[in-house]
Number of protein chains: 2
Amino acid sequence: MDVDAYLNQLKGQGLKLTGQRRSILGILLAENRYMSAKELMDRLQEEHPHISYDTIYRNLKVLRQERIVEESMFQDGSSRFRIRCRDPHHHHFICVQCGRTIPIESCPMELPFPVPDGFQVYSHRFDIFGECADCRGVTKPAPVSSN
Amino acid sequence: MDVDAYLNQLKGQGLKLTGQRRSILGILLAENRYMSAKELMDRLQEEHPHISYDTIYRNLKVLRQERIVEESMFQDGSSRFRIRCRDPHHHHFICVQCGRTIPIESCPMELPFPVPDGFQVYSHRFDIFGECADCRGVTKPAPVSSN
DNA sequence: ATCCTAATTCGGAATGATTCCGATTTATGG
DNA sequence: CCATAAATCGGAATCATTCCGAATTAGGAT
């Protein structure tokens, strides 16, 4: 999927296609991994020297509402953002170094455990944190990240 | 397990048994659920009107290192703390209202999925967020959830 | 091409959780 | 009761995130 498809979706919602918005989308699409707001800021300043965090967070929120971006709270207490996976699964191996993600081929909700009486489930999360082959400097060929 | 057992463990490490430390342990043991630093502050001020956040966080860190307390990053980006479960499992239904936890009777790591080549697993997390029967004020069985 | 207006951006201030720091106090072994 | 390392306190600092008011801009209508 390319930037234009997403831009069209935004336009359809009456949202404006600003340079900042294009850049945020472009970076997230190119990187295809979890990024922090600060990482985005550093990259965005190349093209938009005066961009503010407000703009970054505001756009990330819009993109999240449009289901283009997904957000995950990391262990350090800050959010990371990435282009949303098109696949239905929602779980990843996550490299704590580079933010790369690799899909997990199953979902724990498939497991047959009992839900407590009266408990209303809203959401769940399942993530496996670690270090990817590249970041570990392992000699083997690195698995290609996707999704 | 009572407060004294934990206090002995701390004493064995050359740590001092201060009133603040006792109170923190006492509250966490009595509540037996995830609590925020602020919740602890509110409760602690009853006995220690001048206690500081520094003291709370410092003690929580010590207790975590002693494996007495466990910490979990919640979705709002702030940490919650609770007395560590003695059971080996580490997954919970978590009520987003009151912080109550109910153990999940399985662990997703039992599932047979492949680990990517060269990926070194450090940790994983699996939590199911929702609302418990008490907080929902339910008398009846709950509707079935999804996801 | 120009206008209009809602959407967006900007910079800086505000917020909230958490940590740091220097000065002071305290638990505990001897 | 002393010595001293451990712990506390209050307030300042930090970091991620949000808020706000004023200024700018994208995009449809004229």
Side-chain angles (χ1 to χ4, degrees), chain A residues 3-4 6-25 34-66 68-69 71-81 99, chain B residues 3-4 6-27 34-66 68-69 71-81 99:
Chain A
V3 187
D4 289 330
Y6 290 116
L7 293 177
N8 284 333
Q9 177 183 342
L10 294 176
K11 190 182 298 187
Q13 299 294 315
L15 297 168
K16 292 182 177 177
L17 306 188
T18 66
Q20 293 86 337
R21 197 160 274 171
R22 291 169 195 272
S23 295
I24 289 171
L25 257 180
Y34 277 117
M35 301 183 75
S36 65
K38 180 170 189 317
E39 275 183 296
L40 283 168
M41 170 59 88
D42 291 343
R43 289 285 302 279
L44 285 163
Q45 282 182 326
E46 297 168 12
E47 292 190 49
H48 308 278
H50 295 284
I51 196 169
S52 73
Y53 275 107
D54 189 58
T55 297
I56 295 174
Y57 282 110
R58 187 168 14 78
N59 277 304
L60 288 170
K61 177 179 285 186
V62 166
L63 293 173
R64 193 156 45 78
Q65 289 165 340
E66 288 297 316
I68 291 172
V69 158
E71 176 177 4
S72 179
M73 180 59 61
F74 272 34
Q75 300 154 115
D76 68 353
S78 69
S79 286
R80 306 296 159 92
F81 306 87
Chain B
V3 187
D4 289 330
Y6 290 117
L7 293 177
N8 285 333
Q9 177 182 342
L10 293 176
K11 192 183 296 185
Q13 300 294 315
L15 298 168
K16 292 182 176 176
L17 306 187
T18 66
Q20 293 86 340
R21 199 161 274 169
R22 290 169 196 272
S23 296
I24 289 171
L25 257 179
I27 293 170
Y34 277 115
M35 300 182 75
S36 66
K38 181 170 188 318
E39 276 182 296
L40 283 167
M41 170 58 90
D42 292 343
R43 288 286 301 279
L44 286 163
Q45 282 182 325
E46 297 168 12
E47 291 190 50
H48 308 277
H50 294 284
I51 196 169
S52 72
Y53 274 107
D54 190 56
T55 296
I56 295 174
Y57 282 110
R58 187 167 16 76
N59 277 304
L60 288 170
K61 178 180 284 185
V62 167
L63 293 172
R64 192 157 45 79
Q65 289 165 341
E66 289 297 316
I68 291 172
V69 158
E71 177 178 3
S72 179
M73 181 59 61
F74 272 35
Q75 299 154 118
D76 67 353
S78 69
S79 287
R80 306 296 160 93
F81 306 86

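Since the model is a prediction, treat every value here as computed from it, not as a measurement. Proteins come first, then strands; the chains are lettered A, B, ... in the order of their sequence lines, and each starts at number 1.
Regarding A:L44, its CG atom lies at a distance of 15 Å from the C1' atom of C:dT8, rounded to whole Å. One can place CE of B:M35 at 16 Å from C1' of C:dA17, the figure rounded to the nearest angstrom. Here the P atom of nucleotide C:dA6 and the CD atom of A:Q13 are 19 Å apart, to the nearest Å. One atom, CD of B:E71, and another, P of C:dA17, lie 14 Å apart when rounded to the nearest Å. Separating the CD1 atom of A:I56 from the C1' atom of D:dC15 is a distance of 15 Å, rounded to the nearest angstrom. Taking atom CG on B:L7 and atom P on C:dA27, their separation rounds to 14 Å, with Å as the unit. Between the CZ atom of A:R21 and the P atom of D:dT25 there is a distance of 15 Å, given to the nearest Å. With rounding to whole Å, B:R22 atom CZ is found 15 Å from D:dT8 atom C1'.
Looking at heavy atoms from C-beta onward, B:N59 lies out of side-chain contact with B:V69 at the 4.5 angstrom threshold.
Between A:H48 and the phosphate of C:dT9, there is no side-chain N or O to OP1/OP2 separation shorter than 4.0 Å. Here A:S52 does not reach the OP1 or OP2 of C:dG12: none of its side-chain N or O atoms lies under 4.0 Å away. OP1 or OP2 of C:dC10 sits under 4.0 Å from a side-chain N or O of A:Q20. Of the side-chain N and O atoms in A:R58, none sit less than 4.0 angstrom from OP1 or OP2 of D:dT18.
You'll find that the side chain of B:Y53 is closest to C:dT19, out of C:dT19, D:dA26, D:dG10.
In terms of position on DNA chain C, the residue among B:K61 and A:T55 whose nearest nucleotide sits closer to the 5' end is A:T55. In terms of position on DNA chain C, the residue among B:L17 and B:R80 whose nearest nucleotide sits closer to the 5' end is B:R80.
Each of B:K61, B:R80, B:R64 was compared with B:E71 under the side-chain hydrogen bond (donor to acceptor under 3.5 Å, both in side chains) criterion, and only B:R64 meets it.
A donor-acceptor contact under 3.5 angstrom links the side-chain atoms of B:K16 to the base of C:dT26. Evaluation of atom-type donor-acceptor distances gives no pair under 3.5 Å for the side chain of B:K38 against the base of C:dA17.
The residue A:D54 sits close to a base: some heavy atom pair falls under 4.0 Å. Using a 4.0 Å heavy-atom distance criterion, A:S36 is classed as making no nucleic acid contact. Heavy atoms of B:S78 sit under 4.0 angstrom from primed sugar atoms or phosphate atoms, though from no base atom.
Considering all non-hydrogen atoms of both residues, A:S23 and A:E47 come closest at OG-OE1, 3.5 Å.
Side-chain atoms of A:T55 and A:R58 include a donor-acceptor pair closer than 3.5 Å. Donor-acceptor pairing under 3.5 Å is recorded for the side chains of B:S78 and B:D76.
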